[in-house]
Each structure stands twice: as structure tokens, then as C-alpha cells.
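Positions are given from 1, in the same order as the sequence printed here.
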Amino acid sequence: MLHTPMPGVKATKVVYRSTNARGEANTVSGTVLVPAAPWLGKRPVVGYAVGTHGLGDAFAPSQEMSNGTETEASMVSGLLGRGWAVAVTDYEGLGTPGQHTYMVGPAMGHAVLDVLRAATRLPGGSLAADAPMAVWGYSQGGAAAAWAAQLHPSYAPELPLVGVAAGGVPADVLAVARHLDGGAFFGLAVAALIGLDAAHPELDLNGYLNDVGRQLLQDNKDDSLIGLVTGFALKNLADITTTNPLEAADWQDRFAHSRLGATAPSVPVLLYHGELDEIIPYGLGTALRDRYCAHGVPVQWQSFPATDHITGVLLAAAPATDWLATRFHGRPPLTTCP
């Protein structure tokens with residue numbers, strides 16, 4: 001049992017089996033939160049995928065919730081306030097041994113789907129395996145949510161998923177990394193390199209780094225989001241490498257495996273994005289929308305004018321939660337696809 005600042009909620013830390021990006025079994029941790037108030041029928045379950053917290057175990061959502069320092073607690077509280085259960089994954093390597101495979105799409109999607117499985121298998125638990133389920137996430141969590149949507153038909157078809165909401169989605173991590181190179185948020189691009197290298201050690205990130213880069217990565221490989229941003233702000237890849245890994249064929253191939261939109265989710269999707277997002281370019285969000293629409297997915301798209309990346313989290317919280325409610329109520333999905 002975990003301490004949680006949310007009264008009237010039972011919080012249980014779980015350690016469960018999942019699958020890494022290479023298709024191998026791994027172990028991931030997470031948290032299952034269930035309101036104490038009774039629910040008539042089968043209580044809906046939301047798989048909540050957090051945004052970037054950091055690279056070290058101290059910043060795992062389960063640890064942050066236990067400490068009362070979880071930055072996305074208000075979004076989780078909003079879901080619990082509806083009476084829904086919430087299952088939050090820590091992702092691979094964030095709370096369990098090994099380096100966090102930050103922004104590696106298949107690993108994140110598997111972790112989200114498997115925490116939903118784990119939520120219904122707790123000894124003495126009250127959540128039904130056939131209860132309606134949904135997934136929601138923003139930024140890193142938006143990518144994780146979208147990957148869960150794409151992997152659901154093949155990886156976890158037994159889960160009764162009814163919808164996925166994903167905002168500020170870094171649908172093409174390679175494009176995001178190039179966009180961030182030399183800017184204030186360059187540390188997030190470095191974190192993506194660390195994450196991909198952790199998932200695929202044969203990429204050998206260390207072999208691309210110069211002495212400055214090796215020291216910076218050693219100092220920041222377990223850092224928080226703030227530490228990553230401040231530690232690498234306004235630096236670029238040329239400052240820390242001898243050869244640019246973003247231009248290497250094997251790196252590009254692995255990044256391509258985390259690019260969203262090649263396959264279709266089998267459930268309705270809500271996508272949203274701030275038009276002035278300085279971290280995840282707005283065009284990546286509209287491109288993912290167009291790819292899903294071309295696949296015939298019922299997509300509801302919402303853009304937020306004059307909205308940057310962080311503000312988008314706050315502005316979309318209420319409409320995203322309302323959209324999840326329409327899915328749990330079984331209403332016909334709306335689509336903005338042409």
C-alpha cells in the first residue's frame with residue numbers, strides 16, 4: 001500500500017510483467033488507485049500515462065505519488081473524482097532496474113497496456129477484467145497512450161478498451177530531437193538518445209560522444225526533468241558528440257520503430273495539441289491526425305490556439321476527461337476526419 005495525498009482512495013503499488021522494445025519479457029512497476037466509494041456495476045479503469053518526469057528511479061510516478069510530489073496528481077484526481085479507477089505505469093526502467101527507455105514507443109505502449117492487465121489481477125481486487133477501459137496521456141504520456149492504442153489489437157486484444165486520449169504527442173521522436181537541438185529543451189533530445197540506447201545497446205551512444213558529452217551524460221543520466229533541461233539548455237549535439245547519431249542509419253532505423261501512425265488503433269481516439277507548442281511541433285500532431293484518419297480511425301481533433309506545451313496540459317484536462325466519459329457511457333464517437 002502506498003501513501004497518497006488523495007483521500008478516499010486505495011493506492012497499491014504493483015510490479016508486473018511486460019515486454020520491452022525487442023519483444024523480450026521485462027519487469028515494470030506502477031500504481032493502481034481505486035476510489036473507496038462504491039460503484040454500481042463494473043468500475044471503469046483508465047490507464048494514465050504520465051509525461052516526462054526524469055530518468056532516475058526517484059522520479060518514478062509511484063515514488064512521486066508516495067512522496068506527495070506527483071506533478072500530474074490533479075489530472076489523476078480528476079479521474080478518481082469521476083469514480084473511475086486509475087492505473088499508472090512507471091514505464092520500463094523507471095522504478096525497476098535498468099536505464100529508463102525514455103520515448104521508446106513499443107516499450108511505453110506495452111507498459112501502459114500491461115498495467116491495465118495488472119490492475120484487474122490484484123489479489124482481493126475489485127476491478128473486473130471486462131470493465132470498460134480507456135487510456136490518457138500527454139507529451140511523453142501522449143506518445144505512450146497512442147502506442148497503447150496501436151498495439152492494443154495485436155498485443156492485448158482482450159482488454160475492453162473503448163477509447164484513447166493523447167495530447168501534445170511527439171509522434172516522430174527523430175523530428176522532435178532535431179527540432180530541439182541547440183534550444184532551451186535540448187536535454188529532452190539527449191534523454192531520447194539515452195532511452196533509445198538503453199533499449200538497443202548495439203547503437204553504442206558512448207561511441208558517438210566526446211569527453212564533454214560523456215561527462216554530461218554521466219552527470220545527468222538519472223536526473224529529473226528540470227535537471228535535464230537546465231543541464232543541457234542551449235547546447236547542441238555538436239557540443240557533445242564527435243559524430244551526429246541522428247544522421248546514422250542504424251539510429252534512424254530505430255527511431256523509425258518509435259514513429260507513430262503506421263498502424264491503426266481499433267478504438268476512437270482524441271488527439272489535441274497547442275498551436276504554439278515550442279517542444280513538440282504542432283505539425284507533428286496534425287500529421288498523426290491525418291495518418292489515423294487515412295486509416296479510417298474515428299479521430300476527434302482539438303487544437304488550442306496561442307497555447308504552448310505546458311499550458312496545453314492544463315487547458316485540455318477537463319475536455320479530455322469529458323471525452324473519456326462519453327466513451328465510458330457508450331456514446332457514438334464523434335470524428336473530425338474529412
Problem set entry | Distance-only donor-acceptor check, side chains E70 and H53, under 3.5 Å | yes
Exercise. For the side chain of S66 and the backbone of S62, is there at least one donor-acceptor N/O pair under 3.5 Å apart?
Worked result: no
Problem set entry | Donor-acceptor pair, side chain of D197 and main chain of D204, under 3.5 angstrom | yes
For this session: Would you please name every residue forming a ring pair (Phe, Tyr, Trp, His ring centres under 6.0 Å) with Y48, sequence neighbours left out?
Result: W136
For this session: Tell me, please, which residues at least two apart from A318 pass side chain to side chain contact (heavy atoms under 4.5 Å, CB included).
Result: none
Seminar exercise, completed: In short, side chain to side chain donor-acceptor pair (under 3.5 Å) pairs touching residues 285-310 with sequence neighbours left out are S139-H309, Q150-Y292, E275-S303, D277-H309, Q300-W323, D308-T311
For this session: Heavy atoms only: give me the nearest R22-N20 pair and the separation to one decimal.
Result: N-OD1, 2.8 Å
For this session: Indicate the atoms forming the closest heavy-atom contact of L94 with P61, along with that distance.
Result: CD2-CD, 4.3 Å
Exercise. Does N210 use its side chain to pair, donor to acceptor, with the backbone of V212 at less than 3.5 Å?
Worked result: yes
For this session: Would you check if the side chain of R327 reaches a backbone N or O of V162 as a donor-acceptor pair within less than 3.5 Å?
Result: yes
For this session: Answer yes or no: is there a donor N or O on one side and an acceptor on the other, between the side chain of S258 and the main chain of F255, under 3.5 Å?
Result: no
For this session: Any chance you could measure L159, atom CG, to L161, atom CG, to the nearest 0.5 Å?
Result: 7.0 Å
Seminar exercise, completed: Rounding to 0.5 Å, atoms CG (L116) and CZ (R121) come to a distance of 11.0 Å
For this session: Considering non-hydrogen atoms only, spot the tightest contact between P170 and M103 and give its length.
Result: CG-CE, 3.5 Å
For this session: Supply the atom-to-atom distance R43 CZ to F328 CZ, rounded to the nearest 0.5 angstrom.
Result: 11.5 Å
For this session: Sort out for me which residue in L193, V190, L188, I194 forms a side-chain contact (heavy atoms from CB on, under 4.5 Å) with Y102.
Result: L188
Exercise. Less than 4.5 Å apart, any side-chain heavy atom of L33 and any of V76?
Worked result: yes
Exercise. Do side-chain atoms of H200 reach the backbone of A198 as a donor and acceptor pair under 3.5 angstrom?
Worked result: no
Problem set entry | H152 side-chain N/O to A148 backbone N/O, donor-acceptor pair under 3.5 Å | no
Problem set entry | Separation between CZ of F232 and CG of D239, rounded to the nearest 0.5 Å | 10.5 Å
For this session: Sequence neighbours left out, what pairs pass ring-ring contact (aromatic ring centres under 6.0 Å, His included) with at least one residue falling in residues 160-191?
Result: none
Exercise. What residue pairs, at least two apart or across chains, pass side chain to side chain donor-acceptor pair (under 3.5 Å) with a residue in residues 217-229?
Worked result: Q215-D219
Exercise. Which of these, V176, D181, L174, L180, sits in a side-chain contact (heavy atoms from CB on, under 4.5 Å) with R178?
Worked result: L174
Exercise. With distance as the sole test, does R259 use its side chain to make a donor-acceptor pair with the main-chain N or O of A171 at under 3.5 Å?
Worked result: no
Problem set entry | Test item: V34 and V86 side chains (from C-beta on) under 4.5 Å apart, heavy atoms | no
Problem set entry | Gap between atom OH of Y91 and atom OG of S29 - 0.5 Å precision | 12.0 Å
Exercise. Taking N67 for the side chain and Q63 for the main chain, is one N or O donor matched with an acceptor at less than 3.5 Å?
Worked result: yes
Exercise. Same cluster for Y155 and V297 if Ile/Leu/Val/Met/Phe/Trp/Tyr side chains link at under 4.5 Å?
Worked result: yes
For this session: Determine yes or no for a side-chain-to-main-chain donor-acceptor pair under 3.5 angstrom, with H273 supplying the side chain and I280 the backbone.
Result: yes
For this session: Would you mind reporting whether L260 and V169 have side-chain heavy atoms less than 4.5 Å apart?
Result: yes
Problem set entry | Check against side-chain contact (heavy atoms from CB on, under 4.5 Å), V15 and T27 | CA-CA 7 Å; V15 179; T27 301; 3.3 Å; yes
Problem set entry | Taking every non-hydrogen atom, the tightest pair across S266 and P153 | OG-CG, 3.5 Å
Exercise. At their closest point, which heavy atom of A119 faces which heavy atom of A87, and how far apart are they?
Worked result: CB-CB, 4.1 Å
Exercise. Is I226 atom CD1 crowded by more than 12 heavy atoms from other residues, nucleotides or ligands, each under 6.0 Å away?
Worked result: no
For this session: Answer yes or no: is there an ion pair linking R254 with E202, defined by an N-O contact shorter than 4.0 Å?
Result: yes
Exercise. Tell me, do E247 and Q252 make a side-chain contact under 4.5 Å, heavy atoms counted?
Worked result: yes
Exercise. CG/L225 to OG1/T71 distance, rounded to the nearest 0.5 angstrom?
Worked result: 8.0 Å
Problem set entry | Side chains of W251 and L205 in contact at under 4.5 Å (non-hydrogen atoms) | yes
Exercise. If you measure only the distance, is there a donor-acceptor pair under 3.5 Å linking the side chains of T89 and Y16?
Worked result: yes
For this session: Salt-bridge test for R17 and D114: reply yes if a basic N is under 4.0 Å from a carboxylate O, no otherwise.
Result: no
Side chains of residues 104-113: which donor-acceptor pairs under 3.5 Å do they make with residues two or more places apart or in other chains?
from : atom 1 : to   : atom 2 : distance (Å)
H110 : ND1    : T19  : O      : 2.9
H110 : ND1    : P106 : O      : 3.1

